[in-house]
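The structure appears right after this line, and notes come after that.
In what follows, chains carry the letters A, B, and so on, assigned in the order in which the sequence lines appear, proteins first and then strands, with residues in each chain numbered from 1. In this text the structure is predicted, and so the values were computed from the model without any measurement.
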Amino acid sequence: MAETYSADELEAAKGEAQTLTARILELRDAYYERDASLASDEKYDATMHRLEELERLFPELQSQDSPTQTVGGRVQSLFDPVEHAERMLSLDNVFSLEQFTEWATKVERDSGRSVDYLCELKIDGLAINLRYENGVLTTAATRGDGVVGEDVTENIRFVKSIPTKLAGTGHPPLVEVRGEVFIPVEAFRELNAEQTAAGDRIFANPRNAASGSLRQKAEGKSADKLAQMHRRLAKLEMLVHGIGAWANPPVKSQSETYALLAEWGLPTSPYFKVVESKQEAAEFIEYYGEHRGSVSHEIDGIVIKVDELELHDELGATNRAPRWAIAYKYPPEQVNTKLLDIVVSVGRTGRATPFAVMEPVRVAGSVVRQATLHNQDVVKAKGVLIGDTVVLRKAGDVIPEVLGPVIELRDGTEREFVMPTNCPECGTELRPMKEGDIDLRCPNARSCPAQVRGRVEHVGSRGALDIEVLGEVTAAALTQPVVPEIPPLVTEAGLFELTVEDLFPIRVVVRDNETGEVKLTDAAGDGSSLEASVPKEVTPFQRLRKKTDPAFDPEATEFAGDETRVPSSNATNLIANLEKAKTSPLWRILVSLSIRHVGPVAARAVANYFGSLDAIRAASRDELAAVDGVGGIIADALIDWFAVDWHQEIIDRWAAAGVQFATPGHPGPGAAAGADGPLVGVTVVATGSLEGFTREGALEAIIAAGGKAASSVSKKTDFVAAGPGAGSKLGKAEELGIRILDADQFRTLLAEGPSAFAE
DNA sequence: CACCCTCGAGTTCA
DNA sequence: CTCGAGGGTG
C-alpha cells in the first residue's frame, strides 16, 4: 500500500484545497448572504466532497475554519455580533521544514537584512480578541470570520487569568489584545469525568471543550446548571500573543510587546523563544515536535513570527494572513472521519463486540478503517451515531480509538446503533453470561462459526501451540464448508485428524478488504467475480503443476488444459506443523483448549503441578485451588470445562490422533519441586527486542533460570530487560527506579543471578 | 479492600 | 501495545 506521500503531493493537495475552500466560501456567501445561487447543488456538493476527501488523505490540511468543519454560512450564533476594531487575520500554514525554510528565505529576501524570529507554541484552542478601553476590559469576542465575532464578554469574566483591569498606568485609550483560550490537558480530563458523571456528553478534544464551555448561555439555567457552567469556565485559561488596533505602540519588537503585555498583568506563554536564524527556528520546531506531551496544553504546531515590528509593516499582509508570520503544523494525532457503520463481531469466547467501520483515514502514520467500541455501553458513552463525523486518534500511537462525534456536523440522517439481540454469525440469542454483566455473549459455543473459527485460530496462536500456517485465514478456511461434499472441521476436535487430501479442495481464501469479512471461494468456480471485487488471494492449499509431473493423483484433481493442481507447501506445511504440535508441552495444550481464565500463566502453574491432563481432570476443586496462582474461579472453570461432552470429544479425538496430554517423567500431582536456578524469587520483565532472544525465548529463559517472567512492570518487578523498541514499560521502570538491563546484562543475569547486579 | 496481575480482545506494522 | 474486566493475593 502506498500510504506515504511526498512533499510535492502534499503541496499540490494544499494548493487544490485552498482553491476549493475559496470556491466553497464564495458559493456559500452568495447563497446565504445574497440569496443568489452561483452553482447547482450538485456542483456545490461535489466541491465539498472533494475537499473532504483531500482532508482525509492529508490530515495536515484540516483546520477548524475549513468549510468542512462549519455549517451553513456564518457560524450560527446565539451571541451578539461584535465588530473587531482591527481585522483578526489567520495564519498561513506550512507542513514541513522544507516549506518553512522556503517561507523564511522569502521573508529574509524581502526584508533585505537578517531577521530575528520569535517562536512560540501554537495552542489548540479558541482565538479571542480582548478589547481594553483605558485599561478596562470592555468586550471579549471570538474570531468569527475575522471581521465580526461573537460577544462572549460575560463568560470570559470567569476565566481567572484574564484581568478585567490592566495593571500599571499609561494604557492607550483603545487596545485589542489577541490570544487563545484553551483548557489544559489535565483540566480537560477532569471536565470529561464530570460530564460523564452528570450524564452529559463528553468533549472530543480540548479545543471543543474550550469552545463549548465559552459558548454556554446563562439564560434559563437552573442554579445547579449555572454553577456547573461557572465551574467549567473556571477551568479555562488564556495566553495572549499579540496586539491589534494600537496606532503607535511604544515597543519595537514582538518580544517587547510580550514583555509589555506581561507588565499589564496579561498572561503570556512561558514557552516562547527569540532566535537569530531560520535554522534555530527549525530546531525549535523539531524540539517541540518530540516534546509535545511535556506541555500542559495541547499544541498543534509552532508559530514563527518576525520579531521586529517595523518589518511587519514592510512585509504587510495578504487579505487573509500576515506575511510576517507562519504556522508550522505538526501532523495531527487526531483526525475526523465518517463513521459508516457499527458492526458486531463475535470472538472465540462468544463475546459480541461492536466496532466502528470508518471511511479510511490516515492518522499518526497509517491508514485506519476500524476501531473497537468495546461494548454497547461504550457506544452510548461516546455518544456516536452511525453516519456521524467522528474524532479518531491512535491511543499510545498504536491502537485506533474513536473519541466521539462532531455534533455540529450532524445533518439529521444519523441513526443510533442498536445492539443486535442475536449473534450475527449463527443467529442464537445473545445474553450476558451472568447477572449484571455488560458483555453479551453468544451461548452457542459448540457450533457458532465465529467461535469455532476463533478457537481453531487460537490453537495455532503463539501463546498456545504456535502452529505456523494456522492463522486467521486458515482457521476460517478449515471451519467453513467450501465444497459441499467436504464438511468443514465443525469444531477443533478434528484438527489433528486432517490430511493433505482434506485440505486439497479448499482452493482459495479471500479476504474482503472493505468489510474485513473472510470469504471462501472455489477458484474453479467463478474466478472472474473474485478479481472484480479486488479480493486478496491468501493461503491457497494448492498450486498448478504440469500434467507430466508425477506428483499428483489424477483421481483427486481437476484438469485445466495440460496443467493440474497439486497441494501447495501451505498444505503440506500445515500438516507437518500439526504433527509437530502434538508433542507440545502440556501447558501449551491446556492453553489451546480455550478454557476460561486459563492462559499461559495459569496453564503453566496447573501443568507443572499435575503433570497430566488426567490428573487435572481427577483433581477436586480444592486440590486445583491449592495450586499457586489458581483460585476458586479458575478451579471451577476447569471442572466446568471437563463436564461438557463435546469438550471430552476434543480430548478423545486429539489423543487418538497422537496428541500428548502428559509431561513425560512427571512424578504426578504434588507441589512441583521448588524451581531451581539463579533467578529463584526474582521477577523479570522483558520488553523490546533483545538481541539474541525472541520474545518467547526471553520468557522461557527467565522461567528456565527459575525466575518469574511478568508481563507488566510493577513495584514487585526486580529487573527490566529492555532492548530497542521498548515502549511504555521502560518509562514505567524508570519511574519506579527499577534496574534496567540490556541484552548482554540480561544474559549475565540469567547465568549468575541478581547478585551480579547487587547495589 | 486495595493493589497488582492476568486474561481477552482489537489493531496495525514489518 | 493498550484497554477494561475481573481474578488473586497480602
Side-chain angles (χ1 to χ4, degrees), chain A residues 1 3-4 342-358 360-379 381-382 392-403 432-441 450-451 453-455 457-458 461-464 471-472 513 516 587 590-591 593-606 624-638 683 685-689 695 699 708-717 722 724-732 736:
Chain A
M1 249 191 285
E3 303 299 1
T4 52
I342 296 178
V343 179
V344 173
S345 70
V346 173
R348 79 174 157 105
T349 63
R351 195 167 100 177
T353 310
F355 64 95
V357 178
M358 292 160 294
V361 67
R362 220 190 136 75
V363 51
S366 62
V367 171
V368 172
R369 38 168 59 85
Q370 292 183 2
T372 179
L373 292 168
H374 303 290
N375 59 51
Q376 67 273 38
D377 282 15
V378 172
V379 177
K382 290 191 190 284
L392 179 73
R393 72 157 182 176
K394 289 255 202 90
D397 251 16
V398 181
I399 310 293
E401 180 187 7
V402 172
L403 289 167
M433 275 294 270
K434 54 183 209 307
E435 197 75 15
D437 259 10
I438 294 167
D439 290 340
L440 295 179
R441 303 188 114 93
Q451 295 185 59
R453 192 200 311 136
R455 287 199 304 269
E457 185 189 346
H458 173 68
S461 71
R462 265 215 301 263
E472 180 189 351
N513 268 333
W587 71 264
L590 267 180
V591 171
L593 294 173
S594 287
I595 302 170
R596 281 275 267 166
H597 307 131
V598 180
V601 175
R604 266 195 164 97
V606 175
L624 289 167
V627 177
D628 193 24
V630 177
I633 308 277
I634 293 183
D636 286 341
L638 283 160
T683 300
V685 173
T687 179
S689 52
R695 180 172 290 280
L699 297 186
K708 192 165 178 248
S711 57
S712 56
V713 178
S714 69
K715 281 192 295 202
K716 290 186 189 165
T717 311
S728 60
K729 285 177 198 170
L730 189 57
K732 186 90 187 282
L736 293 169

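When rounded to the nearest whole Å, the span between CZ of A/Phe355 and P of C/dC3 equals 21 Å. Remark: C1' of C/dC3 and CG of A/Asn375 are 12 Å apart, rounded to the nearest angstrom. Between A/His597 atom NE2 and C/dT9 atom P the separation is 14 Å, expressed in whole Å. Atom-to-atom, CG of A/Leu392 to C1' of B/dT11 comes out at 12 Å; the value is rounded to the nearest Å. A/Leu373 places its CG atom 14 Å from the P atom of C/dA5, with the value rounded to the nearest Å. The CD1 atom of A/Ile634 sits 11 Å away from the P atom of B/dT6 (whole-angstrom rounding). Put simply, CZ on A/Arg462 is 14 Å from C1' on B/dT11, counting in whole angstrom units. Protein atom CD of A/Gln370 is 9 Å distant from nucleotide atom C1' of B/dT11, rounded to whole Å.
Under the 3.5 Å distance criterion, the side-chain polar atoms of A/His458 are matched with a main-chain donor or acceptor of A/Val591.
Evaluation of the side chain to side chain contact (heavy atoms under 4.5 Å, CB included) rule for A/Arg604 yields A/Trp587, A/Glu700, A/Ile703 as partners, not counting sequence neighbours. Shown here are the side chain to side chain contact (heavy atoms under 4.5 Å, CB included) partners of A/Val630, two or more places apart in sequence or in another chain: A/Val606, A/Val627, A/Ile634.
Nearest heavy-atom pair, A/Pro400 versus A/Ala371, reported as atom, atom and distance to 0.1 Å: O-CB, 3.7 Å.
Under the side chain to side chain contact (heavy atoms under 4.5 Å, CB included) rule, A/Thr349 has a single partner from A/Gln451, A/Arg455, A/Arg441, which is A/Arg441.
For B/dA9, the OP1/OP2 oxygens have no side-chain nitrogen or oxygen of A/Thr353 closer than 4.0 Å. For A/Thr372 and B/dT11, the shortest distance from a side-chain N or O to OP1 or OP2 is not below 4.0 Å. Between B/dA9 and A/Arg348, a contact under 4.0 Å exists linking OP1 or OP2 to a side-chain N or O.
Residue-level contact check: A/His374 touches neither bases nor backbone, having no heavy atom under 4.0 Å from any strand.
Taking only side-chain atoms of A/Thr349, from C-beta outward, the nucleotide of B/dT11, B/dA9, B/dC7 with the closest atom is B/dA9. Of the listed nucleotides (B/dG10, B/dG8, B/dC7), B/dG10 has the atom at the smallest distance from the side chain of A/Ser345. Side chain of A/Ile633, nearest nucleotide from C/dG7, B/dC7, B/dA9: C/dG7.
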